[in-house]
Amino acid sequence: GFIVKRELSQKAKLSIYSDLVNVFYEMVTALPGDQPPVVMVTHKDRYFVHVRQGGLFWVATTTADSSPFTIIEFLNRLSALVKDYCGVLNETNITENFALIYELLDEVLDYGYIQTTSSDILKNFIQTEAVSSKQFNLFDLSNVGLFGADTQQSKVAPSTAATRPIQGSREGGKSEIFVDVIERMSVVIGSNGVLMKADVEGEIRVKCYMPNCSEIRIGLNEEFSIGKSQLRGYGAAVRVDECSFHQAVRLDEFDNHRILRLSPSQGELTVMQYLLSDELPSAPPFRLFPTIERDKGGRLIVYLKLRCDLPPNSLFISPCVFNIVVSLSQELSSPDQRAELRPESRAVVWNIPRFAGGTQLSALFKLDIPDLSSASLLEVGPVSLSFELPKLTATGLQIRFLRLSPIQPSQSQRWVRYVTHSDSYTIRV
């Protein structure tokens, strides 16, 4: 009888979990747009708190007396933890490593109370090995994150170590370290071409697969300064407004020599975060020259000329997307690129697979709109760009050197990558 009751209890729990999943799915799909509220209340006085990482929803259920900020921070740490142990965050990898993730949750949570999210502590208890679901592909960066790809196509990508699970370091894998400088741009350019807003958020991430390494020393630009009143060096100043460091970073050499010292840990570590507000050290990477008019046949003609002001040797390889608010039907004419109409969002999307620095591209859109009036011309815009720029930082921050202690064998490899991508890049027309 006890066994039957236990089986019924397990079935009841599975039924409850299944109901919660269905309720959350129905609530998300019923909302307009693709960004549902982070906190949503159910009909049974339960709350859904979620974040999106790796194209997946990470959801927790809670009552009204719990701190949502604590839960959000836990979900972000849990997704980073799963990425450390599984290598890649995607639906297939999550499915194939269900047993490993269940074991992680069993160690991380105890009756709903958070115990630890430290990879260094958990490595002593986790026994399940990760299942690798996909080989690394240089031209498919959607599931790789920011590690493990040299986006200059003339070079060979680093090994799959950047996306292998952290248990790989215990299996005698290749000795490697990955350092990424990632920056996100938020830019607004007025219809007259004047820069109205420019913010840059950046961070330095480290992922180390060197079990014998006791200390990492990362040297930044000698001219790196924090705040407008602080200027250093004799070269061009590299300035940010705010800067914060991980608690494991030792700053005894930072003030005088701009050196970060830390002891590497298992998994991915965000060493430093910084912010530059209302300023760009150089011109915005893209400029748009639009022409909008109505032809004799009553069609709306939109001519766009896009210029890339990056150096000629730079290469822009990620798709560039333009969202132009329009109405009804359309005809498109775009040489060498692809364009499509999305009626649900009233947008024309222009995809540019490659864009070399120092060049310009153009596209002509012809749209059939019944009862086109002068007021319809005012409905066009703004234009939003989505892009990724390899080997470039908007602030000019660079890694001066990367030194390891003790000195590693000659076969060990070090990888440093710079990536700038758009967080919000809007051009008014």
Chemist: So, taking the atom named OH in Y303 and the one named CG in L364, what distance separates them when rounded to the nearest 0.5 Å?
Modeler: 8.0 Å
Chemist: Would you sort out whether V108 and Q115 count as a side chain to side chain contact (heavy atoms under 4.5 Å, CB included), showing the intermediate values?
Modeler: CA-CA 5 Å; V108 168; Q115 303 301 308; 6.0 Å; no
Chemist: For Y274, check ring-ring contact (aromatic ring centres under 6.0 Å, His included) against everything at least two apart and list the hits.
Modeler: none
Chemist: Applying side chain to side chain contact (heavy atoms under 4.5 Å, CB included), can you list everything that pairs with T116, at least two apart in sequence or on another chain?
Modeler: S118, I121, L122
Chemist: For the residue pair L276 and P281, what are the closest heavy atoms and their distance?
Modeler: CD2-CD, 4.0 Å
Chemist: What about the rings of F24 and F57, do their centers lie closer together than 6.0 Å?
Modeler: yes
Chemist: With a 4.5 Å heavy-atom cut-off, do I218 and V206 have their side chains touching?
Modeler: yes
Chemist: Restricting to non-hydrogen atoms, name the atom on C308 and the atom on F286 that form the minimum distance, rounded to 0.1 Å.
Modeler: SG-CE2, 3.8 Å
Chemist: Considering only heavy atoms from C-beta outward, does the side chain of V194 approach that of I189 to under 4.5 Å?
Modeler: no
Chemist: Going by ring-ring contact (aromatic ring centres under 6.0 Å, His included), name the residues that satisfy it together with F245, two or more places apart in sequence or in a different chain.
Modeler: F254
Chemist: Give, for atom SG of C243 and atom CE of M272, the distance between the pair rounded to the nearest 0.5 Å.
Modeler: 4.0 Å
Chemist: Using modelled atom types only, decide if a donor and an acceptor are shared between the side chain of N97 and the backbone of N93 within a distance under 3.5 Å.
Modeler: yes
Chemist: Under the salt bridge (charged side-chain N to carboxylate O under 4.0 Å, His left out) rule, collect the residues that match up with D278, sequence neighbours excluded.
Modeler: none
Chemist: Which is it for L262 and L269 under the side chain to side chain contact (heavy atoms under 4.5 Å, CB included) test, yes or no, and what are the steps along the way?
Modeler: CA-CA 10 Å; L262 69 147; L269 180 66; 3.5 Å; yes
Chemist: Is there a donor-acceptor pair closer than 3.5 Å between any side-chain N or O of N221 and the backbone N or O of E223?
Modeler: no
Chemist: With sequence neighbours excluded, tell me which residues meet salt bridge (charged side-chain N to carboxylate O under 4.0 Å, His left out) with E73.
Modeler: R77
Chemist: Side-chain contact, heavy-atom cut-off 4.5 Å: S67 with I71?
Modeler: no
Chemist: Does the W58 side chain pair with the main chain of Q53, one donor and one acceptor, at a distance under 3.5 Å?
Modeler: yes
Chemist: Donor-acceptor pair, T62 side chain versus S66 backbone, under 3.5 Å?
Modeler: no
Chemist: With a 4.5 Å heavy-atom cut-off, do P285 and Y425 have their side chains touching?
Modeler: yes
Chemist: Just verifying a value: how many Å separate S244 OG and E203 CD, rounded to the nearest 0.5 Å?
Modeler: 9.5 Å
Chemist: Is the number of heavy atoms from other residues, nucleotides or ligands under 6.0 Å of F69 CZ greater than 12?
Modeler: no
Chemist: List the residues meeting side chain to side chain donor-acceptor pair (under 3.5 Å) with R414, not counting sequence neighbours, and say none if there are none.
Modeler: none
Chemist: Under the rule for side chain to side chain donor-acceptor pair (under 3.5 Å), what residues qualify as partners of R287, not counting sequence neighbours?
Modeler: none
Chemist: With R217, which residues qualify under side chain to side chain donor-acceptor pair (under 3.5 Å), at least two apart?
Modeler: E253
Chemist: Side chains of I399 and L220: closer than 4.5 Å at any heavy-atom pair?
Modeler: yes
Chemist: With a 3.5 Å distance limit and no angle check, can you tell me whether H257 reaches the backbone of I259 through a side-chain donor-acceptor pair?
Modeler: no
Chemist: Does F289, at its CZ atom, have more than 12 non-hydrogen atoms belonging to other residues, nucleotides or ligands within less than 6.0 Å?
Modeler: yes
Chemist: If the condition is side chain to side chain donor-acceptor pair (under 3.5 Å), which residues does S277 pass it with, not counting sequence neighbours?
Modeler: none
Chemist: Answer whether the closest heavy-atom distance between the side chains of E388 and V419 falls below 4.5 Å.
Modeler: yes
Chemist: Does CD in E91 sit with more than 12 non-hydrogen atoms of other residues, nucleotides or ligands closer than 6.0 Å?
Modeler: no
Chemist: Please round to the nearest 0.5 Å and tell me the distance separating atom CZ of F178 and atom CD of Q413.
Modeler: 8.0 Å
Chemist: Counting only heavy atoms not in R428, do more than 12 fall under 6.0 Å of its CZ?
Modeler: no
Chemist: When rounded to the nearest 0.5 angstrom, what is the spacing between OG in S422 and CG in L385?
Modeler: 7.0 Å
Chemist: If you measure from the Lys or Arg side-chain nitrogens to the Asp or Glu carboxylate oxygens, is any gap between E222 and R258 under 4.0 Å?
Modeler: no
Chemist: What heavy-atom pair brings N76 and S79 nearest, and what distance separates the two atoms?
Modeler: O-OG, 2.7 Å
Chemist: Under the side chain to side chain contact (heavy atoms under 4.5 Å, CB included) rule, what do I292 and I301 come out as? Steps first, then yes or no, please.
Modeler: CA-CA 6 Å; I292 302 172; I301 306 299; over 6 Å; no
Chemist: Hey, is the main chain of L392 close enough, under 3.5 Å, to the side chain of T420 for a donor-acceptor pair?
Modeler: yes
Chemist: I would like to know whether T270 and I204 meet side chain to side chain contact (heavy atoms under 4.5 Å, CB included); could you show each step before the answer?
Modeler: CA-CA 6 Å; T270 300; I204 299 176; over 6 Å; no
Chemist: Quick one: does R205's side chain get under 4.5 Å of I182's, heavy atoms only?
Modeler: yes
Chemist: Compute both the distance and the angle, then confirm whether K391 meets the cation-pi test with Y418: under 6.0 Å from the six-membered ring centre, within 45 degrees of the axis.
Modeler: no
Chemist: Which is it for E215 and R250 under the salt bridge (Lys or Arg N to Asp or Glu O under 4.0 Å) test, yes or no, and what are the steps along the way?
Modeler: CA-CA 10 Å; E215 184 182 69; R250 297 185 290 276; 2.9 Å; yes
Chemist: Is there a side-chain contact between V187 and T426 in this structure, where contact means two heavy atoms from C-beta onward sitting under 4.5 Å apart?
Modeler: no
Chemist: With the threshold set at 4.0 Å, does a side-chain nitrogen-carboxylate oxygen contact exist between E176 and K207?
Modeler: no
Chemist: Just to verify, what does D241 make a salt bridge (charged side-chain N to carboxylate O under 4.0 Å, His left out) with, not counting sequence neighbours?
Modeler: R239
Chemist: Sequence neighbours excluded, which residues qualify as salt bridge (charged side-chain N to carboxylate O under 4.0 Å, His left out) partners of E183?
Modeler: none
Chemist: Which residues satisfy the side chain to side chain contact (heavy atoms under 4.5 Å, CB included) test with M27, sequence neighbours excluded?
Modeler: V23, M40, T42, F48
Chemist: CG of L260 to NE2 of H246: how many Å apart, nearest 0.5 Å?
Modeler: 13.0 Å
